[in-house]
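The structure follows.
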Amino acid sequence: MSLIELKDVSRIYDETVVPIRAVDSVNLIIDKGEFTAIVGPSGSGKTTLLNLIGGLDQPTAGKIIVDGTDISTYKPDVLINFRLHHIGFVFQAYNLIPVFTAKENVEFIMLLQNIPKTEREKKALDFLQAVGLGDRVNATPAELSGGQQQRVAVARALASSPSFVLADEPTANLDSASAESLLDLMENLNQNNNMTFVFSTHDQKVIRRAHRVVTLQDGKVKSDELNPIRIKNEN
Amino acid sequence: MNTYIKLAWRNLWRNKKRTLIAASSVFFAVILALIMRSMQRGYYDYMIDASVRMYTGYIQIHGKDYWEKKSLEESMIVDEKQFQKLKEISGIKLIVPRFETFSLISYGNKTKVAQITGINPQLENQLTDLKKKIVSGQYLNDSSKGIMLAKGLAEILNVNVGDSIVIYGQGYHGVTAAAQVPVTGIIKFTLPELNKSFTYLSISYAQWLFSAPERLTSISIMIDNPKDIDEIKSEIHNIFSDNYEVMDWEELSPELVQSIQIDNAQGIIMLGILYVVIAFGIFGTIMMMTAERVKEFGILISVGMKKWRLALVTLLETLFVSFIGVISGAIISIPILLYFKANPIPLTGEYAKAILAWGFEPILPFAVYPGMFFAQIWTVLAIALVSALYPILFIRKLQPVDALRG
Ligand SMILES: Nc1ncnc2c1ncn2[C@@H]1O[C@H](COP(=O)(O)OP(=O)(O)OP(=O)(O)O)[C@@H](O)[C@H]1O
Ligand SMILES: [Mg+2]
């Protein structure tokens, strides 16, 4: 069974003059363990597609099946809970609660999941260790670099024990070295923990790191290719 | 829960200056409001106390309909048993019986209508401090057969201590009351109406003179604590049948009640203005705190924070700012109010003259009641809750996708 399945999904914005088909009849299957990039020019529908997969937005038509459940008809309240327990999110910026330390930020998502205090603390430290921030657990976001903040966001996403992690342009605000090292981290987690990552980008360097590249244009899937170099690395 | 409190508390201090400004606007407004209230309440208490000590007491007992008709026919007999029971009510400080009527008083060829008050000299003095007002002659005693006249009246009649005046009036059941009575004392009242008409006899002499042995027109009662008035009044009711009436100072002095109500209404308008200031301080801050965190809210909802939890955090933030202000304002006010309660502000000018005319010291003591503080706290709480509706409704409507794009 596939992890994510989109069946003829469209998201149309009813603008006054012409309706905008931000996502247009997309069929897509993503399996467990993938390391997939959604790419395409600005306005091609990457964010809209990720929002649909993440249950942040609802399709105008079509079905979205995540983890075996059709979420396309879920009510917003139910979706919040679904996101909390099934999906890890990393956004481009403002990921973290500014008044919480790295550890408190990672713990917070587990608090929302009603995980007991001792377990929360232990897991938070473990995940921060895993993203290479074992020595910065008590730093607030303002005290961390952009790259470090994104690592905390990854740790938070993982701490919620999601089925997969969605990341909309996670490297967009990073310099290329930080971007590379964030991708190293994500790829490691993909290889070692079999965590599925779906991320969007329009950075060529980042695209080259993906194992599968889905290219959008005007809301349609223009191409869907495996990256031979990376796949070879895997084996 | 702890985490949400922690989150709200820290959020509050993201912009220290703004939070402090908001909290201090509440702080100063609360102090001002408390001082105003304390002054007003103190003034009312003082006026009420002054008014009841001038004559009426806090509670009066009369024969049925006496207060309306003011006639000896509605006078009453209060037996020993009833007196005994009255004395047993706790909280009663003083029981002052009187026999009051009107009569003509003549000296030489001058005649005036005067208010005759038969008194128990000692008890009367304890209630109204009458002895101090003697300007010549002697204060009455229980068996006196003389009369004390108000100074203004004595001047109109042109009498002095040692002269005898003639009382001519109507006693109980229409019997004529006439006697020649020596003037034994002159009393000076500051209030002109009293000074021109008041006279005092000993109660037994007055009863004899007006053919009404044992009869009283009123019993005035002083109590230890004005707060207990309703309870004491109802206990008194239990002692006396429907042939009597029991009235409190509000019924006895409706003009005083009215002037307090008018003044109080003005005070409440002022308070309203202060609360508007408080509301602006709180609401403005909360609005800004909401507006600048739209993205953050969007992300929190995206990752799975239920909206009501986020709303709870903003509610806590609102309550925190408000309570920092109101609690610190209330605490700082306590010593200020207590100081002015112990050291009343001396009054000058028109107010002072008016109060002096009533025969009282022109001061403004503050009153301190716990209720005044709670009133502030509840009001600010209400303002905070209403202000908190803004972020709560905002979050309710918030679509994470829009918030993230914004
Ligand atoms: N809420 C909205 N209302 C109207 N149009 C929208 C809305 N959100 C997105 N769109 C439109 O849908 C299209 C796809 O937008 P989307 O944000 O998904 O593109 P993107 O590929 O993520 O672009 P970028 O690389 O700039 O982030 C665009 O034409 C955009 O203007
Ligand atoms: Mg985008």
Side-chain angles (χ1 to χ4, degrees), chain A residues 11 13 22 47-52 54-58 76-101 103-115 117 120-121 140-142 153 156-157 159-162 165-166 168-169, chain B residues 1-20 285-286 288-314 316-318 320-321 391-406:
Chain A
R11 176 67 170 97
Y13 291 109
T47 296
T48 307
L49 186 70
L50 287 185
N51 285 345
L52 288 168
L56 289 167
D57 195 6
Q58 283 175 299
D77 288 351
V78 185
L79 278 174
I80 292 184
N81 219 26
F82 185 85
R83 295 197 295 269
L84 176 62
H85 292 283
H86 292 261
I87 307 169
F89 288 92
V90 177
F91 297 98
Q92 183 177 331
Y94 308 109
N95 270 296
L96 306 177
I97 300 171
V99 293
F100 274 177
T101 63
K103 176 164 160 272
E104 286 167 338
N105 263 290
V106 178
E107 261 189 68
F108 190 67
I109 192 98
M110 294 185 277
L111 171 82
L112 297 178
Q113 292 177 321
N114 293 321
I115 290 171
K117 175 98 184 142
R120 285 197 317 252
E121 288 193 330
T140 60
R156 179 185 65 186
S160 66
S161 316
V165 175
L166 283 181
D168 191 9
E169 311 217 24
Chain B
M1 193 62 204
N2 259 337
T3 306
Y4 297 114
I5 292 173
K6 188 162 74 182
L7 179 56
W9 182 255
R10 290 192 195 164
N11 277 335
L12 213 57
W13 301 107
R14 281 160 80 162
N15 190 331
K16 274 202 196 77
K17 213 193 268 169
R18 187 174 59 207
T19 300
L20 283 177
T285 304
I286 293 308
M288 285 189 274
M289 284 183 72
T290 306
E292 68 197 11
R293 289 189 296 172
V294 177
K295 276 229 166 69
E296 201 175 309
F297 288 171
I299 291 205
L300 287 170
I301 296 168
S302 295
V303 301
M305 186 171 189
K306 291 206 180 68
K307 286 182 171 186
W308 70 263
R309 293 194 188 197
L310 189 55
L312 174 72
V313 173
T314 61
L316 288 173
E317 289 166 5
T318 316
F320 284 155
V321 197
I392 290 170
L393 294 177
F394 184 90
I395 288 167
R396 225 177 89 99
K397 279 196 302 191
L398 191 70
Q399 300 293 330
V401 179
D402 299 335
L404 290 172
R405 282 173 62 90

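In what follows, chains are A, B, ... by sequence order, proteins preceding strands, each numbered from 1. All values derive from a computational prediction rather than experimental measurement.
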Subject >> Atom pair CZ (A/R11) and CG (A/N51), whose distance is rounded to the nearest 0.5 Å >> reply: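 Here the interatomic distance stands at 9.5 Å.
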Original post:
For A/F82, is it the side chain, the backbone, both or neither that has a heavy atom under 4.5 Å from a heavy atom of chain B?
Top reply: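 No part of A/F82 comes within 4.5 Å of chain B.
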Subject >> A/F91 portion near chain B, given a 4.5 angstrom heavy-atom threshold >> reply: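 Contact with chain B is through the side chain of A/F91 alone.
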**OP:** Would you indicate whether the side-chain heavy atoms of B/T314 and B/T290 approach each other to under 4.5 Å?
**Re:**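 Result no, sub-4.5 Å side-chain heavy-atom pair not found.
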Original post:
Once you round to the nearest 0.5 Å, how far does CE of B/M289 lie from OG1 of B/T285?
Top reply: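 Going from CE on B/M289 over to OG1 on B/T285, the span is 8.5 Å.
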Original post:
Is it the backbone or the side chain of A/A157 that comes under 4.5 Å from a heavy atom of chain B, or both, or neither?
Top reply: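 Neither part, no heavy atoms under 4.5 Å.
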Subject >> Check: B/K307 side chain, B/L398 main-chain N or O, donor-acceptor pair, under 3.5 Å >> reply: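 At least one qualifying donor-acceptor pair exists.
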Subject >> Proximal component of B/R293, with respect to chain A [non-hydrogen, under 4.5 Å] >> reply: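 Neither part.
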Original post:
So what's closer than 4.5 Å to chain A heavy atoms on B/L7: side chain, backbone, both or neither?
Top reply: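 For B/L7, backbone and side chain are both near chain A.
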Original post:
Is there a side-chain contact between B/Q399 and A/P76 (heavy atoms, below 4.5 Å)?
Top reply: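 Sidechains of A/P76 and B/Q399: no contact.
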Original post:
Relative to chain B, which segment of A/L112 carries a heavy atom at a distance below 4.5 Å: side chain, backbone, both, or neither?
Top reply: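 Contact with chain B involves both backbone and side-chain atoms of A/L112.
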Original post:
For A/N81, is it the side chain, the backbone, both, or neither that has a heavy atom closer than 4.5 Å to a heavy atom of chain B?
Top reply: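 When you check distances to chain B, only side chain atoms of A/N81 fall under 4.5 Å.
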Subject >> Ion pair B/R14/B/E317, N-O distance below 4.0 Å >> reply: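 Looking at B/R14 and B/E317, the cut-off is not met.
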Subject >> chain B contact via A/E104 - which portion, at a heavy-atom distance below 4.5 Å >> reply: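 The answer is the side chain of A/E104.
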